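Here is the structure we will look at, set down as structure tokens.
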Amino acid sequence: MNFYSLNKTAPIVSFKEAVINGIAPDKGLYFPESITPLPKDFFDNIEQLSNHEIAFQAIRQFVSDDINDEKLQQILDEVLDFDFPVVDISDNIAALELFHGPTLAFKDVGARFMARCLGHFSEGNSNEITVLVATSGDTGGAVANGFLGVKGVKVVILYPSGKVSDIQEKQLTTLGQNITALEVEGTFDDCQNMVKTAFLDKEIINKRQLTSANSINVARWLPQLFYYLFAYKQVKVDDIVFSIPSGNFGNICAGMIANQLGMPVKQFIAATNVNDVVPRFMETKNYEPKPSIATISNAMDVGDPSNFVRIRHIFKDDFKKLSEILSSYSFTDEETKHAMVELYNEYTYIADPHGAVGYLGLKKYLEDNPDSYGIFLETAHPVKFLDIVGDTIKENIEIPKKILKLMGKKKKSISIRKYDELKDFLLTK
Ligand SMILES: *Cc1c(COP(=O)(O)O)cnc(C)c1O
């Protein structure tokens, strides 16, 4: 399958090139040339398929020109070695837990899949690929873990000093091997600006094959469609409402691809924190990006969600069609904490702040559609937001063994202040 740029002025490329480029030369996001629905009996008999088989059939059409079936099977075996349970909350509300992977964040699947694709593409290639990524917390850990030990790929992660949680910092800084953490004296925006500058720096790109690992990259974005199929397999209800806590809108957009593949969905809810560009768009039809505002659901502090153009493209920019399947609501930190307390007190469910935003979005929809059944996506393990969750529900949270082990490891990072130090690192190391 080929991929084209949504800005329409860059050449059409293979999956492999789309993964290596990350973003098209005209700065557009790549999009698959076609989406062929899966056969009806795939959905009729989905409960008889393993997660591995579901994922294989769902993603094969997008990657098969560049990854043969045997290799794809192997990649999926390695990527999908944990569970994605749907947990009942009440009669008509359930949580799809996506946090059982190695870094306890839903980004593990995409990061691992992308890492293995890039590793495969760099076999027999003498040019090392450098993955350069800025993180406000979760992306960095998932990327570091996913790419650890992948041959031919070097990973450089920039994170703002003192602004990620202790667990997140350990996940970034304790791995070694092909992973380097650069600790930036500044904010997440500073990290992101440095990364953007590096991608445009001729001296660097002439010498290094650079790529990014955020959800702009098709290999990180597309595998997220598996989650929706795994949920459907477990509940087998034909009109599920999915509520997705959204930041860059990659996850929800992947759900819409699952829908395009033929999976029945009643409604998608994009639940956001006060970074409400999309809820406002759905109300006013005006898309107005804004600087991001810091919240307790910080992985969703995004003022200009990059994947929203893909969503508009799926619906051919027809606002009416889009609004028939997408509802979007935003919530404050106070409301989010209140939801965490409610989930705990009424249902003994401990949610992280992101999942709680998803829960709120679903509840809001159910107010007007009380006969519906909905699933909200729980995108991070509550322990990753230990302080907030503990303070809010006034309860000690049990720390999983793999986290305790991690906390005992020694942090290794290189401290940098300005762009020249990043440049020097990329050119000389
Ligand atoms: C990244 C992230 C999100 C947002 O996902 P998008 O695909 O960017 O919309 C939500 N929750 C958590 C915990 C995340 O790490």
Side-chain angles (χ1 to χ4, degrees), residues 29 95-114 133-146 159 164-165 167-168 171-172 188 192 212-228 242-258 268-273 275-279 292 295-311 326 328-331 336 339-340 350-361 376-386 388-389:
L29 271 64
L96 171 61
E97 294 185 345
L98 301 177
F99 58 71
H100 296 280
T103 75
L104 310 180
F106 88 94
K107 293 181 170 76
D108 280 327
V109 166
R112 289 170 132 201
F113 187 83
M114 179 183 165
V133 61
T135 186
S136 57
D138 267 2
T139 301
V143 167
N145 187 282
Y159 75 98
V164 303
S165 77
I167 293 176
Q168 288 173 329
Q171 287 179 332
L172 295 174
F188 170 62
Q192 206 160 30
S212 173
N214 53 31
S215 54
I216 283 174
N217 197 297
V218 291
R220 233 205 77 191
W221 165 56
L222 282 172
Q224 301 177 141
L225 69 85
F226 303 157
Y227 306 141
Y228 301 84
F242 280 103
S243 178
I244 299 100
S246 296
N248 249 327
F249 284 68
N251 199 2
I252 189 170
C253 183
M256 289 173 169
I257 299 291
F268 287 100
I269 317 290
T272 72
N273 56 33
N275 293 282
D276 61 353
V277 176
V278 172
S292 65
T295 73
I296 57 169
S297 48
N298 61 12
M300 312 199 297
D301 295 350
V302 180
D304 184 8
S306 18
N307 283 287
F308 197 61
V309 287
R310 282 187 171 132
I311 293 181
L326 177 69
S328 190
Y329 313 113
S330 86
F331 302 95
T336 305
M340 287 159 67
I350 303 180
D352 95 293
H354 303 78
V357 170
Y359 168 74
L360 283 169
F376 70 91
L377 275 51
E378 174 48 300
T379 46
H381 193 297
V383 79
K384 290 195 87 170
F385 301 90
L386 197 60
I388 299 275
V389 177

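Fair warning: this is a prediction, and the values are worked out from it, not measured in the lab. Both counts, for ligands and for their atoms, begin at 1 and track the order of listing.
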Among residues at least two apart in sequence or on other chains, which ones pass side chain to side chain donor-acceptor pair (under 3.5 Å) with Thr103? Asp108
May I ask you to decide whether Asp352 forms a salt bridge with Lys384, counting only side-chain N to carboxylate O separations under 4.0 Å? no
Residue pair Val277 / Asp304, side-chain heavy-atom distance below 4.5 Å: no
Ser215 side chain to Asn248 side chain, donor-acceptor N/O pair below 3.5 angstrom: no
Could you please provide the protein residues found below 4.0 Å of ligand 1 on a heavy-atom basis, arranged by chain and number? Phe106, Lys107, Asp138, Pro245, Ser246, Gly247, Asn248, Phe249, Gly250, Asn251, Ala299, Met300, His354, Thr379, Ala380
Geometric class of the Phe242/Phe268 ring pair [parallel <30°, tilted 30-60°, perpendicular >60°]: parallel
So, do Met300 and Thr272 sit near enough that their side-chain heavy atoms are less than 4.5 Å apart? no
